[in-house]
Protein chains: 2
Amino acid sequence: MNISEAARRSGLSAKTIRYYEDIDLIAPAARGQNGYRQYDHKAVEELHFLARAREVGFDLLECRQLLDLQRDSSRQSRHARQLVLEKSQQLQTRIEQLVAMQNVLHSMADRCKGDEGPACAILEDLAGATEGEGDA
Amino acid sequence: MNISEAARRSGLSAKTIRYYEDIDLIAPAARGQNGYRQYDHKAVEELHFLARAREVGFDLLECRQLLDLQRDSSRQSRHARQLVLEKSQQLQTRIEQLVAMQNVLHSMADRCKGDEGPACAILEDLAGATEGEGDA
DNA sequence: TGTAAACCTTCCCGTGGCTGTAAGGTCAAG
DNA sequence: CTTGACCTTACAGCCACGGGAAGGTTTACA
């Protein structure tokens, strides 16, 4: 099948598939007589694997490692598990950051009247508060 | 004061301050006889404002709007509040995405033995499951 | 047979928000 | 008089692509 069909089946865009080939994340695709890339079931499976790995947060370097494991019949599952646990911890950290940011935003919105006047707790917050800005 | 002192006080890097000037987010800094950028208290306050706005998740376009409001004495606080509520909603969406991703990762890790053997629920998950891949 | 649409190819630019590095000028201390 | 810490500009690189140009191929249909 051609690249757009492989894209449709794998969940990646054709652009992305070419890009993955460019950076040697996947092997160069076979080519038809017309120069078009050709994909078989196995190739699509690998692309789908990458799509799934990206969806759950792995970057391309990590995808490469996962793919290496996937291809290696003498792999050890603890390596895959290690990658997953690390990624989970990274997500946890990021989530906590975002929640903290959101708490600040909520606090700001709560204290701002949000009316037609210029007085604004939000802008005051942004201008002032890092706490401990007094002459202590 | 010179740029590195302004950086220290504002919480931005010197690089970032120059970048903000480059993209006209802030007015060009005054220059000393030697060509060095000079910052006064007011300039540092604006930089600090930007640092705080970035910390809570605003991108540079939004920072520009917030700064415009901050500078406008005839502003309406509802505009600032609107920006905060929108940002909060964006963060909420992003948090939910990350939590969903983490749930998948947890599920994978739970079902993977993580031992020396090649059998691995994680890699199976990534290879297979988008659900409904059977011959339904 | 013509032709238009829908594919495909390579190539290079742009994104956001910076950081790193190079190549040089300036300044304060010893 | 040198060393080292500043400062300047300018350009490259990061990540993971997407957009679009300029051209070749294939397919459908009048």
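Residue numbering restarts at 1 for every chain, and letters A, B, ... go by the order of the sequence lines.
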Answer yes or no: does a side-chain N or O of A:S4 lie under 4.0 Å from OP1 or OP2 of C:dC8? yes
Phosphate OP1/OP2 of C:dT19 contacted by B:S13 side-chain N/O (<4.0 Å): yes
Between A:R18 (CZ) and C:dC11 (P), how many Å, whole number? 12 Å
Tell me if a side-chain donor or acceptor on B:H48 pairs with a main-chain N or O of A:G128 at a distance below 3.5 Å. yes
Under 4.0 Å between a side-chain nitrogen and a carboxylate oxygen: does that hold for A:E5 and A:R8? yes
Which of these passes side chain to side chain contact (heavy atoms under 4.5 Å, CB included) with B:Y39: B:K42, B:H41, B:R37? B:R37
Between B:Q76 and A:D115, do the side chains contain a donor N or O and an acceptor N or O under 3.5 Å apart? no
note: B:R54, atom CZ; C:dG16, atom P; distance rounded to Å ~ 12 Å
Spacing between A:Y19 atom OH and C:dC12 atom P, to the nearest angstrom: 16 Å
What is the distance from CG of A:N2 to P of C:dT9, rounded to the nearest Å? 7 Å
Check: B:S107/B:R111 side-chain N/O donor and acceptor closer than 3.5 Å: yes
If hydrophobic clusters are built by linking Ile, Leu, Val, Met, Phe, Trp and Tyr wherever their side-chain heavy atoms come under 4.5 Å apart, do B:L85 and B:L66 end up in the same one? no
Near DNA chain D, under 4.0 Å by heavy atom, which residues of residues 36-47 of chain B? B:Y36, B:R37
Are OP1 or OP2 of C:dG17 and a side-chain N or O of B:R64 less than 4.0 angstrom apart? no
Should A:L61 and A:L83 be regarded as members of a common hydrophobic cluster, given that ILVMFWY residues are connected when their side-chain heavy atoms come within less than 4.5 Å of each other, either directly or indirectly? no
When you compare the side chains of A:Q90 and A:E86, does any donor N or O come within less than 3.5 Å of an acceptor on the partner? no
Does A:D59 reach the main-chain N or O of A:E62 with its side chain, forming a donor-acceptor pair under 3.5 Å? yes
First of B:I3 and B:K15 reached from the 5' end of DNA chain D, by closest nucleotide: B:I3
Assert: residue with more 5' nearest nucleotide on DNA chain D, out of A:L60 and B:E21, is B:E21
Tell me the interatomic distance from B:E5, atom CD, to C:dA28, atom P, rounded to whole angstroms. 15 Å
Interface limits on DNA chain D, where chain A has a heavy atom under 4.0 Å of a nucleotide atom: D:dA16 to D:dT26
